[in-house]
Structure formats: C-alpha cells, structure tokens
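Reading through the structure tokens given below for one structure.
Labels below follow one simple rule: chain letters A, B, ... track the order of the sequence lines, proteins then strands, and each chain is numbered from 1. Heavy-atom basis, side chains included; hydrogens, waters and symmetry copies ignored.
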Amino acid sequence: MDVKDIKRLLDALAASEVREFSYETEEYKLNVKRGPEPVVTQTVTAAAQPAPAAANPAPQEAPAGAAPAEPAASEVPSHWVEVTAPIVGTFYASPAPDAPSYVKAGDRVEPGAVLCIIEAMKLMNEIEAETSGVVRDVLVRNEEPVEYGQVLFRIEPA
Amino acid sequence: MFRKILIANRGEIALRVLRAARELGIQTVVVYSQADENSLPVLLADEAICIGPAPAGASYLNVRNLLSAALVTGAEAVHPGYGFLAENAEFAEKCEEHNLVFVGPRAENIQRIGDKAAARQLAEEAGVPITPGSEPLKDLDAARSFAERIGFPLILKASAGGGGRGMRVVHSFNDLERQFVNAQEEARAAFGNPELYMEKYLEEPKHIEVQVFGDGQGNVIHFFERDCSIQRRYQKMLEEAPSIVDDDLRQRITEAAVKLARHIEYRGAGTCEFLVDREGNFYFSEMNTRIQVEHPATEMITRFDLVQEQFRVAAGMGLSLSQEDVRVEGHAIEVRVTAEDPDHDFRPSAGTISDVHWPGGPGIRVDSHVYAGYRIPPNYDSLIAKIIAWAPTRQEAIARMERALRETVIEGVKTTVPFHLKVLDNAFFRRGAVYTNFIARRMSP
C-alpha cells in the first residue's frame, strides 16, 4: 500500500459512516480513527451568556509562551461542568501531531467522546466527556504538562 | 550533580530534602496531594505538581502519577524521604527503568534487607550477632517446638512486618496459641502475608541504631549511633546521639553495622538497628534503607549534612569523607512533636494551627513544615515538628531542650510538648536508665 492507496482509502472512509478502521498485514498495521463529528457551533445561548468561548483561542493556535486566556471565575456560569485531569501527564489536544484537535471551543460533545489524550509513562490515556453539552473552554495548550485535578475543559451541559 | 530533583514525600521531610537540595543549587519539584496544597514545601518549591486526592494510596503512593510528574518536569532524580515509597523496591526499580535516579539503595538491597527473615540471614553471613530466632514458622507446632528449645519470653514477628504490627510477646505455652493466631491475622491484614517467625525476647533492652553510609562499591562508613529507646507502641518519641554506652561497646556495635552494610555493598544512607541487653550484648534487629526521621540528631553531633551526602552518592560522586573525618562532638536530643493529645491516650488532634512560635537560641534546630494558619490534614501521620537541641554534654542538652520546649508555642491543636517536658524531668531519664519499656513503665499515670 503506497501513499496513493492510503489517500484513496481515507477518501472512501470519509464518504462512509465508518469511524474506526484497522487493517493489518505481516508488514504493517494501519489504524484510522476519526474524531467526533464537529457540530455547528451553537451560538444561540451567546446572547444570554457571557461568551467565554470566543475569548479563548484554540489551544494549538496559542502562541508559544502565552497561556490560554482564562475567563475570571466570576464569568463562569455555575452549571458548567469542569473536566479535570484524572492523572499527571502530558496533555495532547489531538491524536497525532498534525491531526486536528479532538475538540475545540464551541464543539458539541456526547458522553464517551474523546476530549484529549494525557500521556503518562508512555501510555496514551484518552479522556472522555461524561456529559453531553458544548465545550466552552479549552484551558490547556497542546503538549503542556498537567497535574492531578487540573481543569482541562469547561462544558456547558445541554 | 543533579540539576533538578523530585521530592516524593510531604511534610517536614519534604521540606528537609528541599532545603538540602537548594543549598546544593539543585532545582526542586515537590509533588503533593490536594490536602497539602498549602503546605510549606509546596509553597517553597521551584515547581509543585498535584498528584492526587488526599488519601495517600491515590497520591503519595500513586507510582504512575509520581513518575509522570518527574518525567514531565524533567527531574533527574527522585528523593523518596521516609515512609510512603521510600522502602519500596518496585518503585526504586521503576524509577531506574525510566532513567530516573532513585536517591537510595539499589532495588535489590531494599528487597533483601527489607525482608526480616532474609535480613537476619544476611546478618549471620556477615558475622553480626542476631537474637536466637526461628525459621519462618509453618504452624503452631513449629512455634511450640522452638519455644521448647529456646525458652520464654519469646516474641512473634511478621516476616513482612514493621511498625509493631504482627508482633506479640509470649510468656508461656498457655499464651502461645492465642497470640500466634492474633499475630497471624494482624500480619495478614497489615501486610497481606501471614507468615511469622519467633525470636528470643529481651526484657528491658535499649534500642540503639547505627547510621551508615555506603557508596554501593563496598565502601561503607558510619556516623556513630543513636539511642531511640523512648518509644510508645513501637513509635519513637525522643532520640539521642550518641547513646550512653561505653566506648568498647560503641566500637563493636558500629563495626558490626559497617560489616553488614559492606556485606551487601550498600548504597546511600541506612540504619542498622540493634537491641542491647543489660550485659552489653547486642543483637541486630533490622536495617532501614532510607534516611530516618531522627537523622538530625546525628547531623548535630557530626556537623554533617546527611541528605546532601545522599544526593552526592546518588549522583555517583562517591562518599565525600572517610571514616577518620567523622567525629562526634557533644550531645544531641531530638523530640518528635506530634499533633496528639497526651492527656487522652495520644489521640490525634488534627485542625488548624492558629499560632506558632518556635524556640531559638544557641544549639537549637527546628525542622517543621507548620506555620500559623496551617491546617493539619487528617489524612497523614501527626508529626508536626522535630526540635533538636545540641550541647557539649548530655546534661546540658537536656537543660537546653527543656528551655526550648518552654519557649515553644503551638496554638489550635494539642501537641506532645507537655509530655516531652515530663520525660526530660524524669529521674530515670536524667540518669540514662532508659529502656524500650520506659514510657510504659516510668511514664504511665
């Protein structure tokens, strides 16, 4: 299988409903996994709510050295759900260096949707959403170390 | 020397290690549980990483998070302090697997000497006296036949044991069956291993331990000994250095400790514990493969920083001094101040320290992570400070410690300070008639 074949395969997968695909021969193993379907950003609530999501640059676009803007605590509505790091490790926003982020502010997620990866001791641990709702804040930059209990995302339940 | 190290502990020992590292120009990463967010080592560290919720099993014993914290911060070495993972061979091994230096002995050393039965065997091989003792006991009959041979009193101990759990003194055959079953169950509950062995029980022994240091290549020196006979339920409360023994015994006991450490090519700081009977016979009881709570008593009489030496040896720089360079000067006493109520059977007294004033003046050292406004979490041990007094003689050290404890103010929680003052005032203590049953026999109301 060469690059052209892979491209054809990916195109075929993109046109289908398949979200995960593995192909193994004696020489290689190919794993293709598609991120959660991005949902059109719901901006309906924006009028009623302060708009912290808009104030937050997507983590991978943040300039090096600058921390993502974090809205003041008073701006965070109390019903939003915080997703915290269950382990210490390195935060990865996407499944691979050049792949798009699992989620960005404004994305809709369902329980079980992968939000990020935390690498600990060379093991990739997928962190999943437990609530359905809209991701409002992504608070950690790609490849940043995270500690236990650190808030990674804020989700507005919906 | 290391550029950056991780301190895998909490409380006063985390602070002690941080201080040693900082003086050597080493950057410090302190890990902490959510209950310790506002503790002094966390506030003073160059970097601090939360590794879990309050229960130690999910934080300070969480190997994955600890190692992950070391790796993401770029630490080169891990200092385990005492307790938690300090004597966990598997943890030491995992550190090395991830190219982190474990500041302590090799995993294999921890493993062998940490097993009580194996340790006795190693001592025997090294020609170090041990109390007459049994092999691991298969059953009650094996215990009976050992008792017939050696005679009472005897002590049952857990093979995997420590800290007094699984230990039972037996005075007669009538006692044996009940105590055997009790000790077995206690050992099973505490260590997941019910195996017991038996030893001759010494009445009124002194607990004397020798501080040793090895480079891992067979070079071992000692930093003389401490007397830790003042214990309550096998927990040390007050330690002295040097002990009150004659020079002949001192020489024999320190030589024995060095022989054992040399036999296993020990690396780093360690302590060989002995029981000494009234006739001056001494018997090896166990080796602790870590820095100990009471190490400052030794530091005060030798004017030497043992924790910094741990870093040098771990960094492969070898021992920085030879035996001739180690000299004893004066006498040091350390008291362990715990947040416990001595008037109510030492029950824990967690809470917020509303005010604190530590003693000062000549010859006083205070190692404490506590400050005014600090809340003592209920999740960990109750040690809040070690106060150490040094003076040219034992008598002067006692006077200095009394003076220091009277200056000490700790408000908001009950502490053992008043109890320590009573010990210092006790006539038996003052003339050095101190054995491991001192508190039970001399201090009971």
Side-chain angles (χ1 to χ4, degrees), chain A residues 59-60 62-68 70 72-73 76 78 80-97 101-102 114-131 137-154, chain B residues 4 6-10 27-39 41-43 45-75 78 84-85 90-100 102 377 379:
Chain A
Q60 69 276 19
E70 194 174 335
V76 178
S78 60
W80 288 14
V81 176
E82 292 183 336
V83 179
T84 58
I87 50 171
V88 177
T90 305
F91 176 94
Y92 291 110
S94 61
S101 298
Y102 284 109
V114 177
L115 300 173
C116 66
I117 282 174
I118 297 179
E119 183 207 331
M121 325 254 323
K122 299 183 179 111
L123 284 177
M124 300 298 177
N125 303 277
E126 293 182 335
I127 308 302
E128 297 177 352
E130 286 176 4
T131 7
D137 297 323
V138 181
L139 298 164
V140 187
R141 282 202 320 264
N142 195 35
E143 292 183 29
E144 213 169 60
V146 292
E147 59 183 353
Y148 174 85
Q150 186 172 342
V151 182
L152 309 173
F153 303 93
R154 291 200 191 98
Chain B
K4 193 194 260 191
L6 179 131
I7 302 170
N9 215 298
R10 64 173 302 281
Q27 282 185 294
T28 52
V29 181
V30 167
V31 295
Y32 63 99
S33 78
Q34 287 177 328
D36 278 332
E37 198 179 345
N38 297 311
S39 80
V42 172
L43 299 176
D46 295 307
E47 286 170 72
I49 290 213
C50 182
I51 50 163
S59 49
Y60 296 107
L61 295 171
N62 185 333
V63 171
R64 187 173 66 156
N65 279 359
L66 273 164
L67 294 182
S68 214
L71 296 173
V72 297
T73 54
V78 175
F84 295 130
L85 295 166
E90 211 179 305
F91 178 64
E93 220 162 58
K94 284 238 167 76
C95 286
E96 307 288 341
E97 272 172 29
H98 288 86
N99 291 322
L100 296 162
F102 178 77
N379 314 79

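Q150(A) does not touch chain B: none of its heavy atoms, backbone or side chain, sits under 4.5 Å away. For a residue to count as touching a neighbouring chain, one of its non-hydrogen atoms must lie under 4.5 Å from one of that chain's; by this rule A58(B) does not touch chain A.
E119(A) approaches S68(B) most closely through the heavy-atom pair O-OG, 4.2 Å.
In terms of heavy-atom pairs under 4.5 Å with chain A, the best-connected choice from A69(B), P53(B), S59(B) is P53(B).
Among the candidates L66(B), N65(B), T73(B), the single residue satisfying the side-chain contact (heavy atoms from CB on, under 4.5 Å) test with V88(A) is N65(B).
Under the ring-ring contact (aromatic ring centres under 6.0 Å, His included) criterion, Y92(A) pairs with no residue at all, not counting sequence neighbours. Take E47(B) and apply the salt bridge (charged side-chain N to carboxylate O under 4.0 Å, His left out) test, not counting sequence neighbours, and it matches K4(B).
Other residues, nucleotides and ligands place more than 12 heavy atoms under 6.0 Å from the CD atom of E96(B). Within 6.0 Å of atom CD in E90(B), 12 or fewer heavy atoms from other residues, nucleotides or ligands are found, so the atom counts as exposed in its surroundings.
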